[in-house]
Amino acid sequence: MEHNLYIYNTLRRKKELFVPIHEDKVGMYVCGPTVYSDVHLGNCRTFISFDLIYRYLIYLGYKVRYVRNITDAGHLEGDRDEGDDKFAKKAKLEQVEPMEIVQKYTNGFHEILNIFNTLPPNIEPTATGHISEQIEIVKKILETGFAYEKSGTIYFDVEKYSKDFQYGILTNRKLEDLLEGTRELGGQDEKKGRLDFALWIKAKPETLMQWPSPWGWGFPGWHLECSAMSSKYLGNTFDIHGGGMDLQATHHTNEIAQSQACFHTAPANYWMHTNMLTVNGVRMSKSAGNGFLPKELFTGSHPLLDKGYSPMTVRFFMAQSHYRSTLDFSNEALQASEKGYSRLMEGYDRLKKLSFSDTSSIETAGLRAKCEEAMNDDFNSPIAISHLFDALRAINLIHDGKETISATDLKELKDVFKLFIEDVLGLKSETETSAGNEAYKKAIELLLNMRLEAKRNKDWATSDKIRNELTALGFEIKDTKDGFEWKI
RNA sequence: GGUUCGUUGACCGAGUGGCUAGGUGCCGGUCUGCAAAACCGUUUACGGCGGUUCGAAUCCGCCACGAACCUCCA
């Protein structure tokens, strides 16, 4: 399979030609959510970005195995390797089982991603479902000497590891610089080095989620599950590992170290990091308190919003910026996307009804190549969309009878619009689903045909009455040269 | 403090040495019974100062401002 896809690889900080390990297959692992609270829009951006990447890889003909985990254990608050994890804390607060917390927010996560029309991953493994695999990895790392035990807790020895490997490879940092930026070890710490992190943490009697291990009862460290599950389902070395940029410095850096120490090979060939969603230039995050919940966005109930925006408007808004750039969230920006999105989709509907002529008077044939070229350049969806808008102009001119298109060109244009709008960008019409059944549509068309008749008779009173009353009911009526268009 | 990245027109957002990105908005026009839509045209750009070059938004240096990471975070 010959492709010209270039991917920006964080490992080397440049775009590289994508060559998968197995010719026509791609293994992709993306760090999923920690399910202890509602996902906010920033979280969604990452998963929507990777959905686009996944969809384009499929478009190119690859057989993709997309693994995205659910972190449901072992994620501690703060950097002290002690105490309960986020799930247990929340469970205590809400007086439920930790697994009820996990289930609740996993359900919510799936619901939201479904609303955003993202494709589900092929495998969605959980940390609690892979405790024994994680224990095996800890054992192996202990054997290789890159980890040590201190009273039931196992730490990864970063300084020892950096003698053989480049620990800060993902962020291009030297060990000395990293050490400089880390706080001094406090008196309570048991670990030897400031950068050392826990692979396995000893449980206290009151710890809610704990499992037996060769080192006593405990629970896995945060980074471990990704090493365990990615290797289990994709192999010790696979093609693409992705996640949000905020995971780069700590989570992914430690993941690489663990996997390297355990399997003696780098886990992934291409590391991809998606950038953050910002509000007034500042990163959206739970801790900053500037997180938008998707629900608040759809209904417009968030104080910073003037109105609600539909899920597809938001998806389109995100696709209009590149995944490696920060994207700033504002009313004005969303309104611009809402208008642009509806114009694009109306043009797409118009395209489906277009009739052809003997020849084409306008050039549309190069669209597929242009869109592919854009997407091949590190998934540059904003450029692909700009080409679709250029084609939209042609569609409208043909629709107005000012240009013509041949049967061959029309079929190609329809195919390309379908492929890129629906399959790659993952956009779907939001009007059709609510438009209901055929009889209902026919009834509306009956009314509009009566209006057309009235217009022919210059009976403006009847004509305007039909239009105004339909408009009042929420319909949008547009007159065209020889008829009408409508939507709700 | 260290590391890294960014600063593009009214707003969002691509672009890495010469070629109108695109979207939204504004203004004018065509069309229309009116409106909407559509189409055409127009408008405001590359943070500042130097340097390299025939030519720089794009490369280099300095400065200013902002952000991210270094601590849980998609």
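Here is how names work: the chains are called A, B, and so on, in the same order as the sequence lines, proteins then strands, and each is numbered from 1. Heavy-atom basis, side chains included; hydrogens, waters and symmetry copies ignored.
Within the 4.0 angstrom heavy-atom criterion, base atoms lie near A:Met276. If you check every strand for non-hydrogen atoms under 4.0 Å, A:Arg13 touches nothing. Counting any heavy atom pair closer than 4.0 Å across all strands shown, A:Ser321 reaches sugar-phosphate atoms only and no base atom. Note on A:Leu277: a base of the nucleic acid sits closer than 4.0 angstrom, heavy atoms only. Residue A:Lys458 is out of contact with every strand shown, counting any heavy-atom pair closer than 4.0 Å. Here A:Asp328 lies in heavy-atom contact (under 4.0 Å) with sugar-phosphate atoms only. Nucleic acid contact for A:Gly42: base, since at least one base atom lies under 4.0 Å from a heavy atom of the residue. Within 4.0 Å (heavy atoms only), A:Thr250 reaches sugar-phosphate atoms of the nucleic acid but no base atom. A:Val282 comes within contact range of the sugar-phosphate backbone alone, with a heavy-atom separation under 4.0 Å but no base atom that close. Residue A:His399 is classed as having no contact, given no heavy-atom separation below 4.0 Å to the nucleic acid.
Checking A:His251 against A:Ser325, the closest nucleotide of RNA chain B that is more toward the 5' end is the one next to A:Ser325. Residues A:Phe389 and A:Ser463 each lie close to RNA chain B; by heavy-atom proximity, the contact nearer the 5' end of the strand is made by A:Phe389.
Straight-line distance from the CG atom of A:Asp246 to the P atom of B:A74: 6 Å, rounded to whole Å. Rounded to a whole Å, the OH atom of A:Tyr36 is 6 Å from the P atom of B:A74. Taking atom CD of A:Glu332 as the reference point, atom P of B:C12 lies 7 Å away to the nearest angstrom. Going from atom OH of A:Tyr348 over to atom P of B:A37 covers 23 Å, rounded to whole Å. Rounded to whole Å, atom P of B:A14 lies 8 Å from atom NE2 of A:His322. As a whole-Å value, the separation of A:Tyr323 OH from B:G6 C1' is 17 Å. Summarising the geometry, the separation between CG on A:Leu170 and P on B:C5 is reported as 14 Å, rounded to the nearest angstrom. As a whole-Å value, the separation of A:Lys455 NZ from B:A35 C1' is 10 Å.
Applying the salt bridge (Lys or Arg N to Asp or Glu O under 4.0 Å) rule to A:Arg173 yields no partners; only residues at least two apart in sequence or on another chain are considered.
Ion pairing between A:Lys15 and A:Asp377 holds under the 4.0 Å rule for side-chain N and carboxylate O.
For the OP1/OP2 pair of B:U30 and a distance below 4.0 Å, the side-chain nitrogens and oxygens of A:Lys402 include no atom meeting the criterion. Using a 4.0 Å cut-off, no side-chain N or O of A:Asn396 falls inside it from OP1 or OP2 of B:A37. One finds a side-chain N or O of A:Arg393 lying less than 4.0 angstrom from the OP1 or OP2 phosphate oxygen of B:C40. Of the side-chain N and O atoms in A:Thr278, none sit less than 4.0 angstrom from OP1 or OP2 of B:A67.
A gap of 38 Å separates the C1' atoms of B:G28 and B:C65, to the nearest Å. When the C1' atom is compared between B:C26 and B:U43, the two are found 8 Å apart, to the nearest whole Å. Comparing B:C40 with B:G33, their C1' atoms are spaced 23 Å from each other, to the whole Å. Going from the P atom of B:U42 to that of B:G22 covers 12 Å, rounded to whole Å. B:C69 and B:C12 are spaced 26 Å apart, taking the C1' atom of each and rounding to whole Å. For the C1' atom pair drawn from B:A57 and B:G9, the interatomic distance equals 12 Å after rounding to whole Å. Here, B:G47 and B:G6 have their P atoms 12 Å apart, quoted to the whole Å. Atom C1' of B:G51 sits at a distance of 26 Å from the matching atom of B:G66, rounded to the whole Å.
In this structure, of B:A37, B:C12, B:A74, it is B:C12 that holds the atom nearest to the side chain of A:Phe317. Checking B:A37, B:A14, B:A74 against every side-chain atom of A:Arg283, the shortest atom distance belongs to B:A74. Minimum atom distance to the side chain of A:Thr46 is reached by B:A74, of the listed B:G15, B:A74, B:A21. In this structure, the nucleotide among B:A74, B:A21, B:C70 sitting nearest to the side chain of A:Ala249 is B:C70. Among the nucleotides B:A74, B:U3, B:G15, the one closest to any side-chain atom of A:Arg45 is B:A74. For A:Pro382, the side-chain atoms get nearest to B:A21 when compared with the rest of B:A74, B:C34, B:A21.
Under the 30°/60° scheme for interplanar angles, the aromatic rings of A:His273 and A:His252 are found to be tilted.
Residues A:Phe50 and A:Phe47 place their aromatic rings such that the two centres sit no closer than 6.0 Å. No close placement of the A:Tyr270 and A:His241 rings is indicated, their centers lying 6.0 Å or farther apart.
Of all non-hydrogen atoms in A:Ser230 and A:Tyr29, the two that sit nearest each other are CB-CD1, 3.5 Å.
Put simply, the side chain of A:Arg324 and the base of B:C5 share no donor and acceptor less than 3.5 Å apart.
Within the 3.5 Å criterion, the main-chain N or O of A:Thr128 finds a donor-acceptor partner in the side chain of A:Asp72. Looking only at distances, no side-chain donor or acceptor of A:Arg68 sits under 3.5 Å from a matching main-chain atom of A:Val30.
Within residues 333-346 of chain A, the residues having any heavy atom closer than 4.0 Å to RNA chain B are, in order of number, A:Ala333, A:Ala336, A:Lys339, A:Gly340, A:Arg343.
Judged by the 6.0 Å distance and 45° axis criteria, A:Lys352 is positioned over the aromatic ring of A:Tyr348. Geometric assessment of A:Lys455 against the ring of A:Phe484 yields a negative cation-pi assignment under the 6.0 Å and 45° thresholds.
Between the side chains of A:Asn376 and A:Tyr56, at least one donor N or O lies within less than 3.5 Å of an accepting N or O. Defined by atom type and a distance below 3.5 Å, a donor-acceptor pair is missing between the side-chain atoms of A:Tyr105 and A:His110.
Put simply, A:Trp460 rests on the base of B:G33: the two rings are less than 5.5 Å apart at their centres and nearly parallel, under 30°.
For the atom pair CZ of A:Phe420 and CZ of A:Arg368, the computed distance is 7.5 Å after rounding to the nearest 0.5 Å.
In RNA chain B, runs of at least 3 consecutive Watson-Crick or G-U pairs, each pair with both distances below 3.5 Å, span B:1-7 with B:64-70, B:10-12 with B:22-24, B:27-30 with B:38-41, B:47-51 with B:59-63.
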